[in-house]
2 protein chains.
Amino acid sequence: MRSTRKVTLADVAAAAGVSVMTASRVMRGAGHVSARTRARVEAAAAELGYVANRIASTLAGGPTSLVGVVFPSLSNHVYSEVFAGISAVFDPTPLSAFVALGNYHAAHEEKVVRDILSWQPAGVILTGLDHTEGVREMLTTSGVPVVEIMDVDGEPIGGNVGISFLEAGELVAREVLAAGYRRVALIGSRMPDDLLATRRMEGARRVLQRAGASPITELHDEGRSSIALGRQMTAALLDAYPETDCIIYSNDLIAAGGLLHCLADGREVPDRIGLVGFNAVDTLEILPLRLATVDPRRREVGEMAARMIVGAALSLPRREPPEGEGRHPASGLGVWKLAPRFMRGETLRPVTAPAGG
Amino acid sequence: MRSTRKVTLADVAAAAGVSVMTASRVMRGAGHVSARTRARVEAAAAELGYVANRIASTLAGGPTSLVGVVFPSLSNHVYSEVFAGISAVFDPTPLSAFVALGNYHAAHEEKVVRDILSWQPAGVILTGLDHTEGVREMLTTSGVPVVEIMDVDGEPIGGNVGISFLEAGELVAREVLAAGYRRVALIGSRMPDDLLATRRMEGARRVLQRAGASPITELHDEGRSSIALGRQMTAALLDAYPETDCIIYSNDLIAAGGLLHCLADGREVPDRIGLVGFNAVDTLEILPLRLATVDPRRREVGEMAARMIVGAALSLPRREPPEGEGRHPASGLGVWKLAPRFMRGETLRPVTAPAGG
DNA sequence: GGCGCGTATGTTAGCGCTAACCGAATACGG
DNA sequence: CCGTATTCGGTTAGCGCTAACATACGCGCC
C-alpha cells in the first residue's frame, strides 16, 4: 500500500528524470516541452497519484479559480436555482464556486466576505445591493471582480444582474388594479430581514397609493415563510378586514397557504378575492388553482452573473501592472436589468381594463 | 483613495514597528505578545485594511479550513437541506464549505474530487457510497478526513452517516403489505442514475418478492422528477395494469403527480389505490391528502457529517508525524446509521395487520 | 549581584509551486 | 562546417506566511 505522504511535483520530476520546472510545464499544459518528456512526466504523475497543489500554485502566481458566492440562505429554493445556473456556467471553465451563507445578517456577511477574500478569489458574487460600508470597501480595495445579483435598485460595486424588485412590486400592483381589485392588502413574511421582499412590497404599495387605492392593511411576520404561516396570516387578516378583495403576498409559499385558507373558507377565488404570490415556485403547480405570481428569472440571473465573472476573471491579468492604477478596464462587468415576468395564473380575475398606469 | 495593491503582513508589521512574526502572532491570536504591541498591530491592520492571505498561511503550514462538499445536484431540494445542516454546524467553527456538483456522473465526480483535493481541504463530504476506484484511492492516499453521507449500504472510505436506502425501501414495502395491498407497482424517475433511488426500489422489490407479492410491474424513466412526469407515468401504468392497488414511487414529486392523477381520474385513494412517495418534501403539504412518505432525515445527516469533519479536522495535526504511518487515530470518524422515519399520511389505508416482515 | 526561569520579540528556513531569465541542444541554409 | 534561429530544459528567486529555534529582557531568589 502506497504511503500517505503527499506527492509533490518534485517527486514526479524525479521519477520522470526531469527538473521540477519541466514537470510543472507539463502539468499545466504550458508549451516548450517535447512530446517524449511530456509523456514521461505524465506517466510518472499517474503512477505516483500526483494531485496538484492549488494552494502553492496560487501563491506562486498561478491563476486563481475560486469564486465566492454569498447567498442569504439556501433553504430558500430561489437561491438553489440561482446556484444551479452559476454552477452550470462554471462547469466547463476552470472556475469553481465556493458558497457561503450570509444568513440575512449584515455583520455576518462582513465576516463571510473577509473570509472569501482571504482565499484570493477570482471573483465574488453577492446577493442584493445592500451591504455594509466595510464590505463595499474590502471588495473595491481588493480589486476582485464583483457581481451583485437579484436586485438592481441601487449603486452596484461592480457588475449587477437581476430584476428590479421595486418594479416587480409595481408590476404586481398594476396587474391587480387592472383586474379590477380595489381593496388590496399586503402580507409579508420574514420582513424586514428579507430586503428584496420588503422592496417589492414597497413597489406595490407605491402604485396602489398613486392609484388612490392605498393598501387596506399590511401584515408582516418575522417568521420563516411556510404554507402554514400563510394560512394563519390570511385568516387573521380576513378576520380583521373582511372587505379585502385582493391580497398581495411577499412570496408564493405564504400565498399558497392563503389560497388554501380561502378555498377551505368558501371564498370564491378569484371572484370575491384575488391572490398574488411571488417567485414562480414550480412545485406549487399542484395547487388546485394556478397561483398568479412573478418569475424573477433566477436561473438566468445565475447564469449571467457567472458569465460576467468568467469574462472578467479570464481577461484579468493575475499580477497587477507594476505601477498600474485603473482596474477592470471594461472587463465585461456591466449592469443587466432583466424584466420580471408576470404570470397571471388563475387566482386573479381576467383583466377588465388595460394594465397601463 | 487607497491604492488597490494588496496589503501584506509585512506592511502591517512595518506600520506597527514590529517584525512580521509578531504581526503574524497577533493576527492569528497566538500568545506571547504583550497587550501594548497587540493593540498597535491591530490598529495598523485596521488602518491599512489588511485581509489575511489564507493561501499563504495554508502553504506555510497553518491550519486548513476548507471542506469540500460534493452533491449530485442542488436543484434537488433534498441536498440543499443537507447543506443547510452542514453549514449551520460549520458556522461557529473556522471551517467553511465549498460545494461542487457531481451531476450524477462518475467521471465528473472524479474530476471534482481531484479539484477539491488540490485545495488541501480540511475534509471532504461525499454523497453516497458509490465512487470510482480512482476517487477512493485519491481520498485514502490524501489522508484527508472523508465522510460519505445519505447512504450506508456499503464500505465507506472514512466516516459514514445516513440511512440505509435499502432498508428504507424495505420499510416502505412492509408498510404497504401491512396495509393490505397486494398488487403493487413501482415507479421511478431519474433511474438508474440516481443510485439511492435505485437502491430503495430494490429494497422494496425484495420485500415484496419475499412476501409472495412480486411487483406487478416497474416503470422507470431517465427524466428529471416532476409532478407532470409523475402524472404521466401513473396514467400510463394504470392504463396497462388497471388491477394495481398500490404504487411505490421513488420520490415525493412524482408521487404527488400520481396522487393528482388518481384523484382527477376518480380513483379512491387510499381505498382503491394506495400511494407512497419518498423524501418527506415539505411543500407538498398543500396536497389534498397528506402523502405517505419516508423522512430520510437529511438535515440531521448534514449536521452529523459536519460534526464528524469538525472533530476530525480540529484534532488532526496539520503536518503528519515525520515517519508516521497510521492515520486517523480514532479521529471521530465512524459510521452512524440513522433509522428512516416512515410517515403514514393519508394515501395508505390504515394498518390491518402488524407491520412485521 | 549573579543565577535560573519565564515571557516577549526577532531570525532563519522553507511550504510547493511558477515567472523570468538563461544556457544547451537541435535544425537549417549557405 | 559554421552562424543564427528555434526549440527544449534548467536555474534562480520569490509569492506571503508560519514553525522552530534563538535571543533579549525582566523578575525573584539565595
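Chain letters run A, B, ... following the sequence lines, proteins first and then strands; every chain starts at 1.
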OP1 or OP2 of dG16(C) less than 4.0 angstrom from a side-chain nitrogen or oxygen of Tyr50(A), does that happen here? no
Donor-acceptor pair under 3.5 Å: do we get one between Arg54(B)'s side chain and the base of dG16(D)? no
When you check the phosphate oxygens OP1 and OP2 of dG16(D), does a side-chain N or O of Ser57(B) lie under 4.0 Å from one of them? no
Glu303(B) and Arg299(B) ion-paired at < 4.0 Å: yes
Distance check: side-chain N/O of Thr37(B) vs OP1/OP2 of dA8(C), anything under 4.0 Å? no
Under-4.0 Å side-chain N/O to phosphate OP1/OP2 contact, Ser19(B) with dT11(C): no
Evaluate Arg28(A) against Ser24(A) for side chain to side chain donor-acceptor pair (under 3.5 Å), listing each step before the verdict. CA-CA 6 Å; Arg28(A) 81 207 124 89; Ser24(A) 164; 3.0 Å; yes
Roughly how many Å is it from CG in Asp11(B) to C1' in dC17(D), rounded to a whole number? 13 Å
Using atom CG of Asn53(A) as one end and atom P of dG16(D) as the other, report the distance to the nearest whole Å. 17 Å
Among dA8(C), dG10(D), dA19(D), which nucleotide sits nearest the side chain of Ser34(B)? dA8(C)
Minimum-distance nucleotide to Thr22(A) side chain [options: dG9(D), dG16(D), dT18(C)]: dG9(D)
For the pair Phe71(A) and Tyr79(A), name the ring-plane relationship: parallel under 30°, tilted 30 to 60°, perpendicular over 60°. tilted
Please report the distance, rounded to the nearest Å, between CD1 in Ile55(A) and C1' in dG16(D). 12 Å
What is the separation between atom CZ on Arg36(A) and atom P on dA25(C), rounded to the nearest whole Å? 15 Å
Within the structure provided, determine whether Val26(B) and Thr37(B) are in side-chain contact (heavy-atom separation under 4.5 Å). no
At under 4.0 Å, does any side-chain N or O of Arg28(A) touch on OP1 or OP2 of dA19(C)? yes
Please give, in whole Å, the distance from dG16(D) P to Leu117(A) CG? 16 Å
Leu59(A) CG to dT18(C) C1', in whole Å, measures 10 Å
Picking from dT18(C), dT18(D), dG16(C), the nucleotide nearest the side-chain atoms of Ala56(A) would be dG16(C)
Could you pull out the closest heavy-atom pair between Glu110(B) and Gly134(B), with the gap in Å? OE2-CA, 3.8 Å
Compare the minimum distances between each of dG10(C), dT18(C), dT9(C) and the side chain of Val18(B), then state the nucleotide with the smallest one. dG10(C)
Nucleotide nearest Met21(B) (side chain, heavy atoms from C-beta), chosen from dC17(D), dG16(C), dA19(D): dA19(D)
Taking OP1 and OP2 of dG16(D), is either one under 4.0 Å from a side-chain nitrogen or oxygen of Thr8(B)? no
From CD of Gln120(B) across to P of dC15(C) the rounded distance in Å is 14 Å
